[in-house]
Amino acid sequence: MRMGGFVSFMENRMMPIAGKMAEQKHLQAIRDGIILTLPLLIIGSLFLIIGFIPIPGYDEFMSGVFGEKWRTKLLYPVGATFDIMGLIVSFGVAYRLAEKYKVDPLSAGAISVASFLLATPYKVMFTPEGASAAQEIGGVIPVTLMGSQGLFVAMILAILSTEIYRKIIQMKIVISMPPGVPPAVSRSFVALIPAGAVLVVVWLIRILLENTSFESIHNIVKDLLVGPLSVVGSSLIGAIICVLLIHILWAVGLHGAAIVGGIMSPIWLTLMDQNRAAFQASPNGELPNVVTTQFFDMWIYAGGSGATLALVVLMVFMARSKQMKNIGRLSLGPGLFNINEPVIFGMPIVMNPLLIIPFVFTPVILVIISYFAMSLGWVAKPSGVAVPWTTPLFFSGYLATGGKVSGMVLQAVNFLISLAIYYPFFRLWDKQKVSEEKAGTASDTAVTM
Amino acid sequence: MNILLCCAAGMSTSLLVQKMEEAAREKGLDAKIWAVSADDVKNHIDQAAVLLLGPQVRYKLTEMKKEGASRGVPVDVISTVDYGTLNGKNVLEFALRLKQ
């Protein structure tokens, strides 16, 4: 059977690769480190939403109650969350990586933050009122490089500094204190030589780069890494390939999003923050990116990977077989919050040659439709508001576009499209289950609730 | 009897936890059952008597078995059918069998 060949190919070839990728220490540390920023981004987003509620007269009302500067003040927390994303990631990635090497994570995090700042030029360009040319101001930490623009530098330096740190610790080139010295004190002495080594290395790199045309690590990373990666990550083809890969992994029962997300999430997060900055500057203006973290969570994965909410609704309302009806009922609650393991493993969709077809192709088609709807300007692009992926349909589309109804409309359209694609496959499977149940062979697989 | 479950984010396994707790109550079994994300397992495994993985993170089995082996905690993957149908009774029995 062809399906058997595909399954054994996935089991023998893809599983080990997926496993290796998901277990790779640095990728894991990046993924776990970035998670540290998410609660902050979600809270920042709440303030962003309140700042730009699209109701006529809202601005005037708020100015009347709280004064002219209400929005600037309301958006303070947005600055304190989105604008320090890189700084938090710098700490988080180093902390998680050190944990995996079983060396003191707190010291690793602190050293990483210091090396991130050491790589950052403490100057900004500023145009004073009345002046015609921008002036260079020294002695300040540039906020732009602390946010998503500094994300990749933060990740690279976190890994570099933690690698140096743990190597030196593991080679035992440390100052050890005599017994009787409190552990906290001796720990800080242990970190002394490794921290010195890390900072000297980063310092030398910075001095060297200052003499090249790049001037700073930030510029090198921007030109050589972030630029090309963003082009790939923000393109339609890039999005289709990622979605295909995620769903083929899911089709054999592996958590595709967790595996692919380790690589793609820094890129999608950077694209998301570019939109956030543009949205904050002008909420009704043109936003730069369609493909962001929210693009997938809000418009492609209704009900979870595979856009299975439509399938679950079919099962609840149209199934004739007991099994489909039961699994549908069981899956509806979690499905509304975009959790769908019951339907993926319970139908099952996994390793099921019939249902894998709509499971893989529905999201790909939704990516294409949503991409064009947004880039042609029919539907608002995601505004960079970080809506949690568990937010139910329609709320999520409204919030993620910064309060635009078109976001909900596209979700409704996408839902109907998924219904149409799943319907014939669902019917066939349901029919098969009905005849199994009639023949009495389904007793083993029937759900007991 | 402490049973630890894990999946990618600890969300879908937490659905199963409820069902397993019901099954344990029916059996009159005193069990603590909880779910965490796969990355969080190392902070919880010391309190667990047995660790079960959701089938979607079964690529982590080798890594988890290593974690479990050093502490004498048996580790295995939940069957996809029991997982998909949230069959708390079967998974509970599977956990009890593993511990023996």
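Chain naming here is simple, since letters A, B, ... match the order of the sequence lines and numbering starts at 1 in each. Predicted model only: the values in this text are computed from it and were never measured.
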| Side chain / backbone / both / neither for Arg96(A) at chain B, heavy atoms under 4.5 Å | neither
| request: Search all heavy atoms of Glu341(A) against all heavy atoms of Tyr83(B) and return the closest pair with its distance. | output: CB-CE2, 3.7 Å
| task | Could you tell me whether the side chain of Pro342(A) reaches within less than 4.5 Å of the side chain of Leu15(B), counting heavy atoms only? | result | yes
| remark: The interface call for Lys42(B) against chain A, heavy-atom contacts under 4.5 Å, is side chain
| task | Find the one option among Asn340(A), Ile35(A), Ile259(A) whose heavy-atom pairs under 4.5 Å with chain B are most numerous. | result | Ile259(A)
| said: So which atom in Gly253(A) and which in Arg58(B) form the shortest heavy-atom distance, rounded to 0.1 Å? | reply: O-NH1, 3.3 Å
| task | Tell me, out of Pro55(B), Cys7(B), Ser79(B), Gly88(B), who's got the most heavy-atom pairs with chain A below 4.5 Å. | result | Pro55(B)
| Given that the side chain runs from C-beta out, which part of Thr390(A) has a heavy atom under 4.5 Å from chain B: side chain, backbone, both or neither? | side chain
| query | What part of Pro348(A) gets closer than 4.5 Å to chain B, counting heavy atoms only: side chain, backbone, both or neither? | reply | neither
| task | Mark yes when over 12 heavy atoms from residues, nucleotides or ligands other than Lys325(A) sit less than 6.0 Å from its NZ; otherwise mark no. | result | yes
| field | Whether over 12 other heavy atoms sit under 6.0 Å from Asp30(B) CG | value | no
| task | Report yes if some heavy atom in the side chain of Leu254(A) is under 4.5 Å from a heavy atom in the side chain of Gln56(B); otherwise report no. | result | no
| request: Output the distance between atom OG1 (Thr85(B)) and atom CG (Asn326(A)), rounded to the nearest 0.5 Å. | output: 10.0 Å
| query | Which distance, rounded to the nearest 0.5 Å, do you find between the CD of Gln28(A) and the NZ of Lys60(B)? | reply | 4.5 Å
| task | Measure the spacing between CG of Leu86(B) and CD1 of Ile327(A) and express it to the nearest 0.5 Å. | result | 9.5 Å
| Enclosure of Arg71(B) CZ (heavy-atom neighbours >12, cutoff 6.0 Å) | yes
| request: Apply side chain to side chain contact (heavy atoms under 4.5 Å, CB included) to the pair Phe345(A) and Asp82(B), showing each step before the final yes or no. | output: CA-CA 8 Å; Phe345(A) 293 108; Asp82(B) 290 338; over 6 Å; no
| query | Less than 4.5 Å apart, any side-chain heavy atom of Leu330(A) and any of Lys19(B)? | reply | yes
| field | Gap between atom CD1 of Ile349(A) and atom OG1 of Thr80(B) - 0.5 Å precision | value | 12.5 Å
